[in-house]
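Working notes, structure below.
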Amino acid sequence: MIQPSLSQSAIAPSTPRRYLKPSVFWSIRQGFPRWLSLLLIGVSLAIPLVLWSVVSYGGWVPPLFLPTPTRVLQAGWQMLTRENLLWDVWVSCGRVAGGFALAAIVGVAMGIAMGTFHSMESVFAPIVGTVRYMPVMSFVPLIVIWVGIGEDAKVLIIFLGVVLYNAVMVADAVKFIPNDMINVAYTLGGDRRDVLFRVILPATFPSILDTLRVNVSGAWNYLVIAELVAAKSGLGFKIIQSQRYLQTDKVLFCIALIGLIGLLIDYGLKALSRALTPWADQTRQ
Amino acid sequence: MPQPDSAPLSFMPSASEPLSAVHPPKLAVQAVGKTYVTRGKPLVVLDEISFELAAREFVCLVGASGCGKSTLLNIVAGLVPPTTGEVQVDGMAVLGPGADRGMVFQGYTLYPWLTVAQNIAFGMQLRKLPKAEQRDRTAYYLNVVGLTAFAQAYPKQLSGGMKQRVAIARALANEPEVLLMDEPFGALDAQTKEQMQQFLLNLWAQTHTTVLMITHDVEEAIFLSQRVYVMGSHPGRLTHQVSVPLPAARDLDIKLSPDFIAVKREVLHALRQEH
């Protein structure tokens, strides 16, 4: 009976043992209660709204700086009923869809090529690496000179803004395919064409959808830039026009509307992703 | 070095010698060497490796991690070109990967977007076999690996052992001349691993494919194969050949038999000489 007590004293030194303290709020990948999640979502939405209401209804700032929520909603109603705002929504959605679809087709193809072939990476890497850092804004004068101020100019601006991000992110996704997954196809009799179309494309498909979902928000950013250029309609145009007449309530409503459209697109693409890739691990909710 | 350079160059199964005089061996690895050049210095990874497999043989290569056995298998598969020497299947030199040498990898390499049945049919589809034959063979191999009930499941719904069974079925359904296996059970737990060994042995008894498998598990190598090659490191080379004089029909209890233990002792001693 001496042995255990000896070893006991040897193991237990003067410093106390430290254990990880349990925490609910600061849990890192240890599960999180649903109610707390919903509560925090509610709080994070409510706080800005409450602050806005207090500041604007309370008259702390002039209405020109920050109109009240009621003013914004009234302005929105007026725009929808009398100023044909839905037409602007339609026009803007069309421009985003056009520019983004083009950027998706070109960017995904470029990304797959860059991720798959060393040769294509060498060809595109210098262009992608430098042009990606050039602000699209700075190309606008050139675009106006080259293609004018019509719809193609707006689509081109959105396209240029997004295409390289699509390419880089898809190229990265291709590089995450394990080598053995490609080697298996070779040992089953596949050639490079089979590997590209039957392994690499389906393997990156979920990441492609993810990439597009992230980058479609970029397309809406460039929409406003595009509609700075002699547009006569569109949400970006409405914002700029309202700014000219100091109608901050209309500006706020249009910004909120873009946010709402973005949210709908995001949920739509997530649902599409789940429907099209039931085989994928749904780790990224 | 326990062996002079010339001694390990011709490991041949004595039983197949009269046969090989008529037919070329199923798989022949002839003086295969691999040298990598890193920062101007050549590093010899594989040194003049030669061996042969007769048709319907099951041969294992054992060696410590880093001895170059995976590189050797990748060269046999054609995925990595050798610096010197060549690999032959049925007497013909192979110049790259092809359907004649199917391979099962250690990691899970099933295609997650295909169902189990589609994964098994993948190679047959690449080779554009008739649809009816694809269906028949897929059904046959699903049955052989005992996963008919999971034909329409996706790989993410399977356990590790089931995934490897599908990977083996996918390679076999393509009916390769030689099946190459790179530590296929390395990622499995001990119980599943033993089940898979018994399963693979039964499968081999049914199909009689020629199999070259690498493993670092000596018991696994002896249990499965007729011959075991022992590899030494730095540079990777074959140092010993141990034949396994056990009956063809084996079950897991054989691992406890004196004969088995005698072979195991021989292989372990051969491995130890290398360190």
Side-chain angles (χ1 to χ4, degrees), chain A residues 29 108 111-112 115-119 169-170 172-213 269-285, chain B residues 70 73-74 76-80 94-116 118-129 152-158 166-184 187:
Chain A
R29 297 185 195 188
V108 169
I112 297 264
T116 305
F117 304 105
H118 291 293
S119 56
M169 287 167 76
V170 171
D172 265 358
V174 174
K175 287 174 192 164
F176 269 105
I177 302 173
N179 283 344
D180 285 348
M181 208 176 249
I182 289 167
N183 285 337
V184 158
Y186 290 134
T187 63
L188 288 169
D191 55 21
R192 290 188 180 83
R193 193 190 162 82
D194 293 324
V195 165
L196 179 56
F197 288 104
R198 288 165 181 258
V199 180
I200 288 174
L201 263 182
T204 41
F205 187 64
S207 312
I208 290 174
L209 287 179
D210 250 19
T211 299
L212 296 183
R213 187 169 59 80
L269 285 177
K270 269 186 196 167
L272 185 73
S273 178
R274 268 195 299 273
L276 291 181
T277 61
W279 48 269
D281 283 323
Q282 299 292 344
T283 41
R284 348 153 233 127
Q285 288 303 315
Chain B
S70 279
L73 202 71
N74 281 331
V76 174
L79 297 168
V80 172
V94 297
L95 302 169
D100 56 342
R101 283 146 299 138
M103 187 143 163
V104 178
F105 294 81
Q106 176 175 10
Y108 304 132
T109 54
L110 295 183
Y111 297 124
W113 57 91
L114 300 178
T115 62
V116 167
Q118 287 167 336
N119 263 289
I120 293 176
F122 188 78
M124 298 184 275
Q125 241 180 28
L126 291 182
R127 292 167 54 218
K128 301 191 172 62
L129 295 191
Q152 300 311 317
Y154 284 108
K156 71 168 180 181
Q157 296 161 276
L158 305 182
V166 178
I168 293 169
R170 177 174 63 179
L172 284 177
N174 221 20
E175 297 194 341
E177 299 292 332
V178 183
L179 180 64
L180 307 172
M181 304 181 98
D182 184 357
E183 305 209 26

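Below, chains carry the letters A, B, ... as their sequence lines are ordered, and counting in each starts from 1.
- In plain terms, the two heavy atoms of Leu126(B) and Ala185(A) that are nearest each other are CD1-O, 3.8 Å.
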Review point. Step by step, would you call Leu188(A) with Arg170(B) a side-chain contact (heavy atoms from CB on, under 4.5 Å)?
Key: CA-CA 9 Å; Leu188(A) 288 169; Arg170(B) 177 174 63 179; 3.7 Å; yes

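- Only the backbone of Leu110(B) comes within contact range of chain A, judged by heavy atoms closer than 4.5 Å.
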Check your understanding: Are Met181(A) and Tyr111(B) close enough, and set up right, to give a side-chain contact (heavy atoms from CB on, under 4.5 Å), and what steps lead you there?
Key -> CA-CA 7 Å; Met181(A) 208 176 249; Tyr111(B) 297 124; 3.3 Å; yes

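- At least one side-chain heavy atom of Arg198(A) sits under 4.5 Å from a side-chain heavy atom of Phe122(B).
- Rounding to the nearest 0.5 Å gives a distance of 13.0 Å between CH2 of Trp279(A) and OG1 of Thr115(B).
- The distance from atom CG of Asn183(A) to atom CG of Asp182(B), rounded to the nearest 0.5 Å, is 10.5 Å.
- In this structure, the portions of Pro202(A) lying under 4.5 Å from any heavy atom of chain B include both its backbone and its side chain.
- For Ala171(B), the part sitting under 4.5 Å from any heavy atom of chain A is the backbone (N, CA, C, O) and nothing else.
- Per-residue heavy-atom pair counts under 4.5 Å with chain A were compared for Gln157(B), Arg101(B), Arg127(B), and the maximum is reached by Arg101(B).
- In this structure, Asp191(A) places its CG atom where more than 12 heavy-atom neighbours from other residues, nucleotides or ligands lie under 6.0 Å away.
- With values rounded to the nearest 0.5 angstrom, Leu180(B) atom CG is found 8.0 Å from Thr187(A) atom OG1.
- The two residues Tyr154(B) and Pro278(A) have their closest heavy-atom pair at OH-CG, 4.3 Å.
- Here CD1 of Ile182(A) is found 11.0 Å from CG of Leu79(B). Values are rounded to the nearest 0.5 Å.
- Contact count versus chain A (heavy atoms, under 4.5 Å) is highest, among Trp113(B), Phe105(B), Tyr108(B), for Trp113(B).
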